[in-house]
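Single-structure report; data block below.
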Amino acid sequence: MLSPCIREASETCLHDCCPAPNFLGNHGSSTSNPSSTPNKSTESVVNSFRYDFTIATASSLCPDTQFTNHESLPSLQESYSYFIQAYPQFSQTDQADHIRAHEYYHLTLSNHVCLDYIGHGLFSYSQQQTQHYYPTPTIASTSSSPPPPPPPQLLHSPEPLFFDISYKSVNLHTQVVYGGQESEVEFEMRKRIMGYMNISECDYAMVFTANQSSAFKLLADSYPFQQNPSLLTVYDYECEAVDVMTESSKKKGGRVMSAEFSWPNMRIQSRKLRKRIGNMKRTRKKPGLFVFPLQSRMTGARYSYMWMSIAQENGWHVLLDACSLGPKDMDTLGLSLFQPDFLICSFFKVFGENPSGFGCLFVKKSSASVLKDSTFASSIGIVSLVPASKPSEYSEDSISMDIETDKKQSKLENSKSHEIEEVSIKQKAPSLSEIMKLDRDHHFESSQPKSAEIECRGLDHADSLGLILISRRARYLINWLVNALMSLQHPHSQYGHRLVRIYGPKIKVDRGPSLAFNVFDWKGEKIDPFIVQKLADRNNISLSNGILNHIWFSDKHEEERETKLETCASDRLVHKRKDGCHSGISVVTAALGFLTNFEDIYRLWAFVSRFLDADFVEKERWRYMALNQRTVEI
């Protein structure tokens, strides 16, 4: 007899599956494809494979698949043994573990689990230490030992920023159409990023922005919503960048619409979305801008590429939000087939160490004429990358950093998430040419050819691993984590409540590597996600939180509307609604990257299991309320 975990996972997996950019290499054969129907034989084979994967995932835990006491969890070693038996191919991804050991050894030294980074990492920690402090000894490629750590006195020294950012007073339309003077830093970085993103310089122009929100605002300020009045977005969560675009479009008379997502699986309401896309054409009204992510950065739900095609066929301009895509996912995006008019992505400097960076806005050259000169778009968000100052000119004590924050990072979408901040940075740090200088003897060898002018080891590592290895690794880890969390049950839970509720897809071969969940006590009351996040932080586990919205309840689930939706306090939002509050579901979120390993997800599972102890929950909640503050102090 199948356990509840297996039954629920199987139903979720086989009922409806989104197309996976990285699964079986067949991106169009999916029952969720809005414009095509797979043949029965193909569908049968794929469903059979998915079912087998679900069964394997359910067996990846100990034979006792339900745990009612945190002390009964198997050890890390025992859990990994079951994990590798269920997923023997995971051992073929050990190259990622070697990269982590050699280039990101600070994660092990600090015992830090980072599950709150979104975007793409440019540089490695070892690269930062090598250039700023001391030379890393040459290590043979066959060695599995990480380089020796830096002296203790340097572990908390100011890290180099690799480059400085300065704002440009220029109009987006002018910058895209006519370009401008480009520093060597910008030229090399642009060339490297476009190659990494698999975007042709012949087809697209690229603009550096302060962050993701700046890129959205720049585009909204320059887009002609007066003539093309509709803005249609596809997000199952509150997104600061989308809110910025929404406000800008409304100021110009834009009409804002959103896709809806069915409760409880958070699937797109396809019929409603298709109707909203096609209504403009049927009524002979001009459409507008269709904003589309290929996957949810919170729930991990993936969406079909064909929505872009349907929107384009109905006259919409398409903005592809690629910020939540994993490394090398763009390799699956056939831009020759689905060329979005605009594309936005973001980059940070060092995973687990330096979250600052920049955003990138790509504009298809054939669509650039739609952009209009706007006074709002001038000198807001467009930035230049400039070399940082040389440290030799200053003493170590004189190193300083001046960060001017234009907007507070949204605690709604990611209160502790390390997404790119809107910053103007000035720091006495090594010059970019020194830091990016190629030094093949002092870093992990990559199988991909490297640029002769610039070295971004973070991107090099993703290139060397490739799409198949990265996606396979993430698939095994995220599904094991989902299954493990679902195995946690309060005592006598058959008459009561589960410890964890997961929102969106559960065990699925083609789900994204992110997760939205909540923790409930033995009485069935939800524990504030903000408290869960802060308690995780005390255990050196970095999580995020956010709010799911645009949820549609069918008649069958109408009774759950009042109990599931909640009024979310607006004091955690950067962009407040007029009524000061709104309805949604606040959740805890975790995002896995290609550097995430099994120990990371095991530690998250072990941490969440502690909430099975009612005394632990009450004690920590009392301490949180007694201190009357947002941070639970030790």
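Numbers here simply count residues along the sequence, with the first being 1.
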Side chain to side chain donor-acceptor pair (under 3.5 Å) evaluation trace for Arg472 with Gln92:
CA-CA 9 Å; Arg472 178 185 297 166; Gln92 299 175 11; 3.1 Å; yes
What's the verdict on salt bridge (charged side-chain N to carboxylate O under 4.0 Å, His left out) for Arg100 and Asp94, showing C-alpha distance, side-chain angles and the deciding distance?
CA-CA 10 Å; Arg100 173 171 168 147; Asp94 61 353; over 6 Å; no
Take Val113 and Asn540, measure what side-chain contact (heavy atoms from CB on, under 4.5 Å) needs, and give me the verdict at the end.
CA-CA 6 Å; Val113 176; Asn540 226 10; over 6 Å; no
When you look at Val185 and Val386, which way does the side-chain contact (heavy atoms from CB on, under 4.5 Å) test go after all the steps?
CA-CA 6 Å; Val185 171; Val386 296; over 6 Å; no
One pair to check against side-chain contact (heavy atoms from CB on, under 4.5 Å): His317 and Gln312. What are the steps and the verdict?
CA-CA 6 Å; His317 292 109; Gln312 289 172 332; over 6 Å; no
List the steps and the verdict of side-chain contact (heavy atoms from CB on, under 4.5 Å) for Leu219 and Leu289.
CA-CA 10 Å; Leu219 181 57; Leu289 187 61; 4.3 Å; yes
Checking Tyr196 against His120 for the ring pair (Phe, Tyr, Trp, His ring centres under 6.0 Å) test, could you report, in this order, the C-alpha distance in whole Å, the side-chain angles of both residues, the deciding distance, and whether it holds?
CA-CA 10 Å; Tyr196 174 79; His120 306 277; 5.4 Å; yes
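Between Leu319 and Met245 there is a side-chain heavy-atom pair separated by less than 4.5 Å. Counting only heavy atoms from C-beta outward, the side chains of Val242 and Phe216 approach each other to under 4.5 Å. Within the 4.5 Å cutoff, the side chain of Trp307 has no heavy atoms near those of the Ser309 side chain. Looking only at side-chain heavy atoms (C-beta outward), Leu232 and Phe292 stay at 4.5 Å or farther from each other. At least one side-chain heavy atom of Leu459 sits less than 4.5 Å from a side-chain heavy atom of Leu122. The shortest side-chain heavy-atom distance between Val234 and Pro293 falls under the 4.5 Å cut-off. Looking at Ser126 and His102, their side chains never come closer than 4.5 Å, going by heavy atoms from C-beta outward. Counting heavy atoms from C-beta on, the side chains of His98 and Glu103 never come closer than 4.5 Å.
In terms of heavy-atom proximity, Ala536 sits nearest to Leu543 at CB-CD1, 3.7 Å. The two residues Ala210 and Val383 make their nearest non-hydrogen contact at N-CG1, 3.8 Å. The shortest heavy-atom contact between Ile99 and Ser464 is CD1-OG, 3.9 Å. Between Ile118 and Ala591 the shortest heavy-atom distance is CD1-CB, 3.8 Å. Across all non-hydrogen atoms, the minimal contact from Lys372 to Pro224 is CG-CB, 4.0 Å. Residue Ile470 comes nearest to Pro327 through the heavy atom pair CD1-CB, 3.9 Å, listed as atom of the first residue, atom of the second, then distance.
To the nearest 0.5 Å, atoms CG (Asp329) and CG (Asn198) are separated by 12.0 Å. Atoms CZ and CZ, from Arg473 and Phe598 in turn, are 11.5 Å apart once rounded to the nearest 0.5 Å. The distance from atom SG of Cys360 to atom CE of Met194, rounded to the nearest 0.5 Å, is 9.5 Å. In this structure, the separation between NZ on Lys191 and CE on Met206 is 13.5 Å, given to the nearest 0.5 Å. Atom OG in Ser367 sits 8.5 Å away from atom CD in Gln339 (nearest 0.5 Å). Atom CG of Leu385 is separated from atom CZ of Phe187 by 14.0 Å, given to the nearest 0.5 angstrom.
Under 3.5 Å, the side chains of Gln295 and Arg511 contain no donor-acceptor pair of N or O atoms. Using modelled atom types and a 3.5 Å distance limit, the side chains of Ser214 and Asn211 yield a donor-acceptor pair. With 3.5 Å as the limit, one finds no donor-acceptor pair spanning the side chains of His461 and Ser124. Ser324 and Arg297 form no side-chain donor-acceptor contact under 3.5 Å, judged by distance and modelled atom types alone.
When atom types are taken as modelled, the side chain of Thr233 and the backbone of Tyr235 share no donor-acceptor pair closer than 3.5 angstrom. Looking at Thr93, its side chain does come within 3.5 Å of a backbone N or O of Phe90 through a donor-acceptor pair. At least one donor-acceptor pair under 3.5 Å links the side chain of Gln127 to the backbone N or O of Glu455. Asp341 contributes a side-chain N or O that, together with a main-chain N or O of Val318, makes up a donor-acceptor pair within less than 3.5 Å. Judged purely by atom type and a 3.5 angstrom limit, Asn111 has no side-chain atom pairing as donor or acceptor with the backbone of Thr108. With Thr299 contributing its side chain and Ser296 its backbone, the two residues share no donor-acceptor pair below 3.5 Å. A donor-acceptor pair is defined here as one N or O able to donate and one able to accept, closer than 3.5 Å; no such pair exists between the side chain of Lys365 and the backbone of Val176. Using modelled atom types, no side-chain atom of Asn228 and backbone atom of Phe225 make a donor-acceptor pair closer than 3.5 Å. Judged purely by atom type and a 3.5 angstrom limit, Arg190 has no side-chain atom pairing as donor or acceptor with the backbone of Val207. Not a single donor-acceptor pair under 3.5 Å links the side chain of Glu353 to the backbone N or O of Val350.
A salt bridge does not link Arg457 to Asp460: none of the charged side-chain nitrogens sits closer than 4.0 Å to a carboxylate oxygen. Salt bridge status for Asp243 with Lys217: absent, with no side-chain N to carboxylate O gap under 4.0 Å.
Geometrically, Lys168 does not engage Phe208 in a cation-pi contact defined by less than 6.0 Å to the ring centre and at most 45° from the axis. Annotation: cation-pi geometry not satisfied between Lys349 and Tyr125 (NZ/CZ under 6.0 angstrom from ring centroid, within 45° of ring axis).
Partner Leu231 forms a side chain to side chain contact (heavy atoms under 4.5 Å, CB included) with one of Pro287, Ser249, Ser248 and no other, that one being Ser249. Partner of Tyr117 under the ring pair (Phe, Tyr, Trp, His ring centres under 6.0 Å) criterion, out of Phe348, Phe594, Phe347: Phe348 alone.
Aromatic pair Phe163/Phe358: centroids less than 6.0 angstrom apart.
Between Phe338 and Tyr305, the angle of the ring planes lies from 30° to 60°, which puts this pair in the tilted group. Ring orientation note: the planes of Phe342 and Tyr223 are nearly perpendicular, at an angle over 60° on the 30°/60° scale. Relative ring orientation between His106 and Tyr104 is described as tilted, the plane-to-plane angle lying within the 30° to 60° band.
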